[in-house]
Amino acid sequence: MQNTAMSIPRPEFPNPQFERKNWQNLNGKWQFKFDHGNSGEERNIVNDAQIFDTDSMEINVPFTYESPLSGINIKDFCECVWYKRSFTLKNNWNNGRILLHFGAVDYHAKVWINGNYVSFHRGGMISFCLDITKYVHIGENTVVVKVEDNMRGGKQPSGKQSFGYFSGGCNYTRTTGIWQTVWLEYIPFSSYIKDFKVYTDTANLSVTINAAFSDYMKNSEFLCEVFYKNKPVASKSAKVNSTFASVQIDISKDNFHVWDVGKGELYDLILSYGTQEDNANKDVVYSYFGMRNIAIDGYKVLINGKSVFQRLVLDQGFYPDGTWTAPSAEALKNDIMLSMEAGFNGARLHQKIFEPLFHYYADTLGYITWGEHGNWGMDYSAESYQNFMCEWIEEVNRDFNHPSIIGWCPHNETWEGQRKEDLAYIYRTTKAIDPTRPVIDTSGYIHVETDIFDCHDYDQDSAAFKARYDALINPSKREDVFQNHNKWDWKKIVADYPYFVSEFGGTWWSEVSGESQNNKQSWGYGQAPEDIEKFYARFEGLVSALLDNPRIFAFCYTQLTDVEQEQNGIVYYDRRKKFDMKRLHKIMAKKAAIEK
């Protein structure tokens with residue numbers, strides 16, 4: 001099943017931070033088949049076209065069958081589905097390596113090329129790549145993908161996907177199967193750049209690039225070239241004698257530009273790897289980076305040495321036509337622009353691993369984010385936690401280089417019954433992979449090992465809300481802040497750690513004033529305001545209570561958009577504006593006490 005360029009949805013390159021110029025987008029029309037009995041492998045569906053064709057249909061990748069944009073729009077559960085399509089390998093794609101990339105497949109994917117089993121990936125929210133060189137040939141080839149998604153089994157994280165047929169409460173339409181871009185890459189060299197990490201040092205005006213390669217090659221060289229606004233800044237190469245290389249590049253004061261909040265200053269980066277004798281057949285990766293650093297100073301979290309109050313909004317990344325998949329690249333950028341228009345300078349990316357292209361727009365716009373996982377849905381058995389941990393490690397590795405990500409939070413709202421050792425273990429693992437950012441072990445109710453203390457508080461009474469957090473300023477009354485939350489070691493945490501109200505607000509406001517109070521299908525936190533002026537008064541009271549508090553460095557307002565039945569967004573689910581954004585921005589722009 002072929003696709004013309006005009007018919008390809010989401011045609012842009014999906015990961016600007018790791019881009020090769022020789023690539024082919026495989027989005028568009030694929031064959032699709034439900035396998036309710038999960039018997040396809042037993043029936044040899046991979047190699048028997050007649051079995052696959054029986055009752056098969058078309059699906060529009062990268063949209064899942066539950067979404068309108070898929071062309072199927074069936075909401076019911078199916079624990080096993082199959083995908084199939086053909087693709088043509090270009091005549092000049094020979095004598096090198098062919099990589100097959102999947103942006104994300106929910107949940108357990110197995111891949112065959114031309115009837116040959118290649119490999120698998122477990123984890124529904126993160127990217128993976130397969131080297132398919134030995135399975136393909138010039139001309140027409142076939143790829144088959146089997147996806148198992150038993151989200152009600154408790155062994156996999158599912159985020160905010162509904163466990164019932166209908167959406168309800170905080171859970172929404174499910175995602176099953178391929179939900180991000182699928183693409184091929186050609187590398188004209190027998191070895192290639194497999195991964196790299198960028199460490200920026202703003203104090204010493206330098207950047208270090210640590211790269212890993214697929215294979216060891218004799219007489220090979222790794223070259224790093226840095227540009228700013230298309231002008232060369234610096235370059236440096238290193239001889240490679242293993243599958244790893246490290247290059248440190250100094251940047252002159254004249255060429256030094258800091259990435260900052262609201263100011264996404266970026267350097268372009270070109271990485272080349274190959275033999276010294278053959279310059280024509282090197283692996284070349286195009287990327288970028290931002291010079292910024294993060295540090296904790298007492299109660300403050302510093303960005304480039306400056307105390308910045310993090311005015312964050314909760315972003316769940318759902319779309320009415322694509323569910324987890326944004327209908328276009330413009331839709332990803334537009335969500336950030338809407339947030340900034342309302343006065344927010346960043347977001348908690350909530351219960352979902354966001355795609356790299358979202359992070360690219362955050363990087364370019366100077367929009368700060370917290371990277372999170374979608375831990376809801378797990379039963380916290382050893383098996384489920386192993387699945388969770390593997391995917392979390394993949395996320396931290398993949399998104400490490402984004403300057404817009406200023407912290408990690410692997411869990412949301414875990415409870416006292418969970419093993420505390422698990423929370424400590426994932427905190428320590430995250431810090432081992434990434435020592436450059438703060439880590440919150442779990443957002444909401446308890447903390448075991450953390451760099452920051454945070455809480456969730458949906459009190460709609462702004463006076464009571466303010467009084468509770470004013471108690472942070474008075475040590476004798478600090479316990480008052482935790483009267484509705486777990487008090488595990490609260491005295492130590494609140495005395496020593498920066499404080500973050502990471503969920504608040506969530507004020508109910510529907511399409512028609514007053515309608516939401518009578519509509520049992522919709523909901524928000526507390527009683528909906530009687531009119532829009534009372535909404536503004538409540539919003540200002542809650543926001544000001546936190547901005548004016550010298551012990552609080554960040555908040556996160558719930559939420560950016562309505563999501564299905566949850567109607568407490570700054571904008572409606574279709575992204576129409578609910579409120580006067582200039583008025584919200586003025587309230588948000590007030591200088592915070594911790595910034596003074």
Side-chain angles (χ1 to χ4, degrees), residues 1-11 14 23-90 98-121 124 128 130 132 135-137 139-150 174-184 321-325 327:
M1 184 174 294
Q2 300 285 356
N3 292 284
T4 65
M6 294 298 293
S7 67
I8 295 176
R10 296 296 307 270
W23 75 288
Q24 180 180 345
N25 194 317
L26 296 185
N27 290 346
K29 301 298 183 184
W30 290 53
Q31 280 182 271
F32 178 81
K33 188 175 179 64
F34 291 107
D35 183 4
H36 294 286
N38 196 1
S39 60
E41 281 191 80
E42 186 179 354
R43 291 181 288 127
N44 195 25
I45 195 173
V46 174
N47 293 297
D48 193 324
Q50 184 175 356
I51 294 175
F52 202 110
D53 292 343
T54 303
D55 298 326
S56 70
M57 56 190 75
E58 279 191 346
I59 190 168
N60 199 28
V61 170
F63 305 105
T64 65
Y65 75 80
E66 297 96 338
S67 69
L69 286 175
S70 71
I72 297 176
N73 197 23
I74 292 175
K75 307 297 185 185
D76 209 350
F77 292 85
C78 185
E79 294 184 7
C80 182
V81 296
W82 292 81
Y83 295 80
K84 182 180 181 181
R85 67 157 287 169
S86 61
F87 61 90
T88 301
L89 214 59
K90 301 175 184 178
I98 308 295
L99 305 183
L100 175 61
H101 292 264
F102 293 86
V105 182
D106 192 5
Y107 174 75
H108 180 199
K110 299 175 76 172
V111 180
W112 290 260
I113 299 291
N114 295 324
N116 299 298
Y117 176 68
V118 179
S119 191
F120 75 96
H121 181 264
F128 63 99
L130 305 175
I132 60 171
Y135 302 104
V136 294
H137 48 258
E140 187 171 284
N141 297 265
T142 301
V143 55
V144 172
V145 182
K146 175 188 178 183
V147 184
E148 295 174 277
D149 185 23
N150 180 18
R174 288 169 298 283
T175 289
T176 299
I178 300 171
W179 67 277
Q180 287 183 35
T181 292
V182 185
W183 76 102
L184 295 169
D321 47 3
T323 314
W324 260 4
T325 312

query = Quick check, are the ring centers of F120 and H108 under 6.0 angstrom apart?
reply = yes

Heavy atoms from other residues, nucleotides or ligands near CG of D55 exceed 12 (cutoff 6.0 Å) = no

inquiry  = Within the structure provided, determine whether K146 and Y83 are in side-chain contact (heavy-atom separation under 4.5 Å).
reply    = no

query = Is there a side-chain contact between L100 and V182, using heavy atoms and a 4.5 Å cut-off?
reply = yes

query = Which heavy atom in L99 sits nearest to a heavy atom in H101, and how many Å separate them?
reply = CB-NE2, 3.9 Å

key: Face-on cation placement of K84 at F52 ring, 6.0 Å and 45° thresholds   = yes

query = Do W82 and W30 have ring centres separated by under 6.0 Å?
reply = no

query = Are the aromatic ring centres of F34 and F32 under 6.0 angstrom apart?
reply = yes

ask   = Which pair of non-hydrogen atoms, one from P11 and one from W23, has the smallest distance, and what is that distance?
value = O-CH2, 3.3 Å

key: Heavy-atom check, side chain of L184 versus side chain of I132, under 4.5 Å   = yes

query = Do side-chain atoms of Q31 reach the backbone of D53 as a donor and acceptor pair under 3.5 angstrom?
reply = no

query = Given H36 and C78, is the side-chain contact (heavy atoms from CB on, under 4.5 Å) satisfied, shown in steps?
reply = CA-CA 6 Å; H36 294 286; C78 185; 3.6 Å; yes

ask   = Counting only N and O atoms by type, is there a donor-acceptor contact under 3.5 Å from the side chain of N114 to the main-chain atoms of Y135?
value = yes

task = May I ask you to decide if Q50's main-chain N or O and T54's side chain share a donor-acceptor pair within less than 3.5 Å?
result = yes

key: Sub-4.5 Å side-chain heavy-atom contact between L26 and R85   = yes

task = Please tell me if the side chains of S70 and I59 come closer than 4.5 Å, counting only heavy atoms from C-beta onward.
result = yes

Short side-chain to backbone donor-acceptor contact, T88 and E140, under 3.5 Å = no

message = Please find the pair of heavy atoms, one from P327 and one from R10, that lie closest to each other, and give the distance.
response = O-CD, 3.6 Å

remark   = Correct closest heavy-atom pair for I51 and R43 would be CD1-O, 3.0 Å

query = Do F128 and V105 have side-chain heavy atoms sitting under 4.5 Å apart?
reply = yes

query = Do Q24 and F87 have side-chain heavy atoms sitting under 4.5 Å apart?
reply = yes

D106 with R174: basic N within carboxylate O range, under 4.0 Å = no

ask   = Side chains of V111 and Y117: does their closest heavy-atom pair fall under 4.5 Å?
value = no

Nearest atoms (heavy-atom pairs only) where V46 meets G115 = CG1-CA, 4.0 Å

task = Please round to the nearest 0.5 Å and tell me the distance separating atom CD1 of I45 and atom OG of S56.
result = 8.5 Å

request  = Please answer whether the main-chain N or O of K33 pairs with a side-chain N or O of D35 as donor and acceptor at a distance below 3.5 Å.
outcome  = no

ask   = With the threshold set at 4.0 Å, does a side-chain nitrogen-carboxylate oxygen contact exist between K110 and E148?
value = no

task = Verify, without hydrogens or angle tests, whether W112 (side chain) and T142 (backbone) share a donor-acceptor contact under 3.5 angstrom.
result = no

ask   = Are the side chain of N73 and the backbone of L69 linked by a donor-acceptor contact shorter than 3.5 Å?
value = no

message = Between N27 (side chain only) and P9 (backbone N and O only), is there a donor and an acceptor less than 3.5 Å apart?
response = yes

From I178 atom CD1 to Y65 atom OH, the distance as rounded to the nearest 0.5 Å = 13.5 Å

query = Taking all non-hydrogen atoms of both residues, which atom of V147 and which atom of G177 are closest, and how far apart?
reply = CG1-CA, 3.8 Å

ask   = Do T325 and Q180 have side-chain atoms, one donor and one acceptor, less than 3.5 Å apart?
value = no

